[in-house]
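The structure appears below as structure tokens.
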Amino acid sequence: MAKYFDEPSRTFNEYLLVPGYSSTDCRVENVSLKTPVTRFKRGEEPAISMNIPMTSAIMQAVSGDELAVALAREGGISFIFGSQPIESQAAMVRKVKNHKAGFVQSNTNIRPDQTLAELLVLKERTGHSTTAVTEDGTAEGKMVGLVTSRDYRVSRMSLDTKVSEFMTPFEKLISAKEGITLSEANDMLWDNKLNALPVVDDKQRLIYFVFRKDYIAHKEYPDELLDADKRYVVGAGVNTRDFEERIPALVEAGADVLCIDSSEGYSQWQADTLKFVRDRYGDDVKIGAGNVVDGEGFRFLADAGADFVKIGIGGGSICITREQKGIGRGQASAVIEVAKARNEYYEETGIYVPICSDGGIVYDYHMTLALAMGADFLMLGRYFSRFDESPTNKIQINGNYYKEYWGEGSARARNWQRYDLGGDAGMKFEEGVDSYVPYAGPLSDNVRQSLMKVKSTMCNCGTMTIADLQKNSKLTLVSATSIVEGGAHDVILKDSVSGVSK
């Protein structure tokens with residue numbers, strides 16, 4: 001006979017945290033959100049930790065190289081989407097790793113024989129006003145000049161004007177040689193009152209830019225997540241079909257951590273993928289697996305060698321797996337059970353396998369609930385898709401700005417490799433939708449505000465670390481009536497009344 005769970009499938013919306021005793025030390029500035037990412041033995045430190053408990057989802061509409069840099073600056077990790085050719089995914093990873101904390105590989109480049117019109121199109125696409133002029137128009141070509149917004153006036157110049165006619169030629173630029181330290185480069189920026197300093201090799205090929213704004217930004221990101229070589233930490237998604245080719249390419253590109261991207265992870269395909277990594281790389285390559293929604297699934301992947309386990313099926317805002325296939329579980333119930341299994345596994349084996357809550361986050365306070373229920377960190381899709389740094393278009397609809405957002409299970413993504421069912425690589429139905437989300441501005445502002453709420457709530461609970469929150473928090477189920485009571489009620493909101501005189 002089929003197994004039936006006694007408890008209903010609960011969501012984060014059905015729980016609230018109950019305040020605990022707060023000492024005078026419980027202040028936001030004293031809260032640490034540092035959290036483990038990869039498995040570790042009792043008494044040891046994890047090979048990879050994050051300074052904030054946030055990762056971005058393995059999705060085309062979310063995790064490109066620009067968002068990966070922005071999130072690493074805040075202390076989290078992006079997982080570059082795997083539903084693309086191996087070469088382009090590896091190139092994205094390499095681009096993030098080449099971003100070396102102040103040294104930026106140019107992504108806005110043009111040839112000297114191109115026109116002002118082409119330059120304007122390039123500027124519109126990238127949003128960057130500093131453009132390197134190289135012989136072949138690539139980021140690594142021989143640098144022959146530089147164009148900034150001060151070099152041209154659209155209203156007074158023909159759009160057919162060649163870039164070579166208004167660029168600042170290389171001979172008149174102040175540049176640095178490959179091998180210069182970041183400190184030395186910053187000194188050159190300030191001593192010469194520059195906004196951008198090109199770094200070239202002995203053949204005048206462009207290697208990096210160092211920007212004044214990045215020096216200032218570097219001081220503004222105390223939690224930035226760097227590897228031993230001062231490069232940003234970045235993750236990448238893999239699947240269970242071409243992993244034997246994709247994983248070596250991503251490792252060679254410098255990916256710090258991998259994650260199997262699948263709609264359901266309790267499968268032999270995932271075990272085989274994990275075995276390939278362990279047989280070939282031992283423990284040197286870190287890889288997470290999932291998704292699962294119960295203790296059995298967790299233990300299967302932990303025993304198979306997963307460095308972390310991802311939780312959640314059908315809870316994402318663009319996921320329709322539950323209505324299409326009838327599988328899944330409320331995210332709160334899934335996190336609670338898997339956290340219990342994680343703790344039991346730790347007691348039995350002395351090995352702590354971090355868990356990641358993926359999906360079901362609608363409001364910022366849901367983040368705190370997921371952490372309190374046992375998640376070590378979160379994976380967010382819709383949340384990050386709204387920001388400037390996500391790789392999708394910003395569009396205007398009826399006077400409001402939106403960003404495009406689509407699921408990996410949608411026809412648009414065509415990511416059929418994430419469905420571990422064997423047989424035909426094509427899918428016959430969708431498990432995700434194509435949508436829009438309200439545009440929300442830069443990542444940094446939003447992440448800091450969200451985490452300020454998390455820290456504040458932790459202080460209300462009398463806790464100053466995620467481990468303390470998991471151990472000492474008190475949670476209560478809420479009724480439908482109390483959910484209504486929790487919002488504004490029995491008043492007329494000013495915004496809903498038109499024509500009211502002030």
Side-chain angles (χ1 to χ4, degrees), residues 12 17-56 70-78 101 217-228 230 232-235 256-257 286 288 307-308 311 335 339 342-343 346 352-357 361 363-380 383-384 443-475:
F12 294 133
L17 283 155
V18 176
Y21 167 72
S22 300
S23 71
T24 55
D25 290 330
C26 282
R27 299 193 303 271
V28 168
E29 61 268 24
N30 292 337
V31 173
S32 170
L33 294 178
K34 187 170 183 178
T35 192
V37 176
T38 56
R39 67 162 58 205
F40 60 94
K41 293 180 180 178
R42 183 181 284 112
E44 297 181 357
E45 291 293 318
I48 300 176
S49 295
M50 290 188 294
N51 294 325
I52 63 172
M54 301 173 81
T55 63
S56 65
L71 184 52
R73 281 177 169 167
E74 295 300 324
I77 297 176
S78 279
H218 181 65
K219 300 298 182 183
E220 295 177 354
Y221 298 110
D223 291 325
E224 62 183 353
L225 195 61
L226 306 175
D227 66 15
K230 305 297 183 184
Y232 289 119
V233 173
V234 63
D256 297 278
V257 58
K286 305 302 180 184
D307 280 295
F308 64 87
I311 309 163
V335 171
R342 185 267 320 276
N343 294 343
Y346 181 55
Y352 188 91
V353 180
I355 57 176
C356 168
S357 177
I361 302 293
Y363 305 108
D364 285 349
Y365 82 89
H366 289 170
M367 299 181 190
T368 320
L369 284 169
L371 297 172
M373 290 172 180
D376 295 285
F377 58 97
L378 317 170
M379 181 168 278
L380 304 157
Y383 179 86
F384 285 113
L443 178 145
S444 179
D445 292 347
N446 287 276
V447 165
R448 292 184 184 190
Q449 183 181 61
S450 295
L451 294 182
M452 183 64 70
K453 294 179 186 178
V454 172
K455 290 180 178 182
S456 180
T457 305
M458 288 173 64
C459 287
N460 293 143
C461 295
T463 60
M464 291 187 289
T465 67
I466 292 174
D468 284 344
L469 180 70
Q470 293 170 347
K471 181 179 180 181
N472 298 314
S473 62
K474 298 178 289 185
L475 295 103

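Bear in mind that the values here come from a model prediction, so they are computed numbers and not experimental data.
Applying the salt bridge (Lys or Arg N to Asp or Glu O under 4.0 Å) rule to Arg39 yields no partners; only residues at least two apart in sequence or on another chain are considered. When the side-chain contact (heavy atoms from CB on, under 4.5 Å) test is applied to Ser450, the partners found at least two apart in sequence or on another chain are Asp364, Met367, Tyr383. Residues satisfying the side-chain hydrogen bond (donor to acceptor under 3.5 Å, both in side chains) test with Ser56, not counting sequence neighbours, are Ser63, Ser78. Remark: Asn472 engages Thr463, Asp468 in a side-chain contact (heavy atoms from CB on, under 4.5 Å) (not counting sequence neighbours). Residues passing the side-chain contact (heavy atoms from CB on, under 4.5 Å) test with Thr24: none are found, sequence neighbours excluded. Partners of Asp376 under the side-chain hydrogen bond (donor to acceptor under 3.5 Å, both in side chains) rule, at least two apart in sequence or in another chain, are Arg342, Tyr352. Not counting sequence neighbours, the partners of Ser22 by the side-chain contact (heavy atoms from CB on, under 4.5 Å) test are Cys26. Residues satisfying the side-chain hydrogen bond (donor to acceptor under 3.5 Å, both in side chains) criterion with Gln470, sequence neighbours excluded, are absent altogether.
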side-chain contact (heavy atoms from CB on, under 4.5 Å) between Leu225 and Tyr232, intermediate numbers included: CA-CA 6 Å; Leu225 195 61; Tyr232 289 119; over 6 Å; no

- May I have the step-by-step check of side-chain contact (heavy atoms from CB on, under 4.5 Å) for Val37 and Thr55, ending in yes or no? CA-CA 10 Å; Val37 176; Thr55 63; 6.0 Å; no

**Asked** Does the pair Leu33 and Lys455 meet the rule for a side-chain contact (heavy atoms from CB on, under 4.5 Å), with working shown?
**Response** CA-CA 8 Å; Leu33 294 178; Lys455 290 180 178 182; 3.7 Å; yes

request  = Go through Met464 and Asp25 one step at a time and tell me if the side-chain contact (heavy atoms from CB on, under 4.5 Å) criterion holds.
outcome  = CA-CA 9 Å; Met464 291 187 289; Asp25 290 330; 4.1 Å; yes

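The shortest side-chain heavy-atom distance between Arg448 and Asn446 does not fall under the 4.5 Å cut-off. Using a 4.5 Å heavy-atom threshold, the side chains of Val257 and Asp307 count as separate. Residues Val454 and Leu371 form a side-chain contact, since some pair of their non-hydrogen atoms from C-beta on lies under 4.5 Å apart. Looking only at side-chain heavy atoms (C-beta outward), Ile52 and Val447 come within less than 4.5 Å of each other. Counting heavy atoms from C-beta outward, Phe308 and Ile355 have side chains that stay 4.5 Å or more apart. Side chains of Phe377 and Met54 form no contact here, defined as non-hydrogen atoms less than 4.5 Å apart. A 4.5 Å side-chain heavy-atom check between Ser444 and Glu74 finds at least one atom pair inside the cut-off. Contact annotation: the side chain of Cys356 never approaches that of Ile311 to less than 4.5 Å [non-hydrogen atoms, C-beta and beyond].
The aromatic ring centroids of Tyr365 and Phe12 lie 6.0 Å or more from each other.
Paired with Cys461 under the rule side chain to side chain contact (heavy atoms under 4.5 Å, CB included), one option of Val18, Leu17, Leu475 passes, and it is Leu17.
Rounded to the nearest 0.5 angstrom, Lys471 NZ and Leu469 CG are separated by 13.0 Å.
Legend: ring pair (Phe, Tyr, Trp, His ring centres under 6.0 Å) pairs involving residues 445-470, not counting sequence neighbours: none detected. Among pairs with a residue in residues 27-38, those fulfilling side chain to side chain donor-acceptor pair (under 3.5 Å) read Arg27-Glu29, at least two apart in sequence or across chains.
In terms of modelled atom types and a separation under 3.5 Å, the side chain of Asn51 and the main chain of Asp223 share a donor-acceptor contact. Not one N or O on the side chain of Ser456 forms a donor-acceptor pair closer than 3.5 Å with the backbone of Met452.
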Quick one: side chains of residues 41-50, donor-acceptor pairs under 3.5 Å with protein atoms, not counting sequence neighbours, listed by atom name and distance.
{"from": "Arg42", "atom 1": "NH2", "to": "Tyr346", "atom 2": "O", "distance (Å)": "3.1"}

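The two residues Gly374 and Ala339 make their nearest non-hydrogen contact at CA-CB, 3.8 Å.
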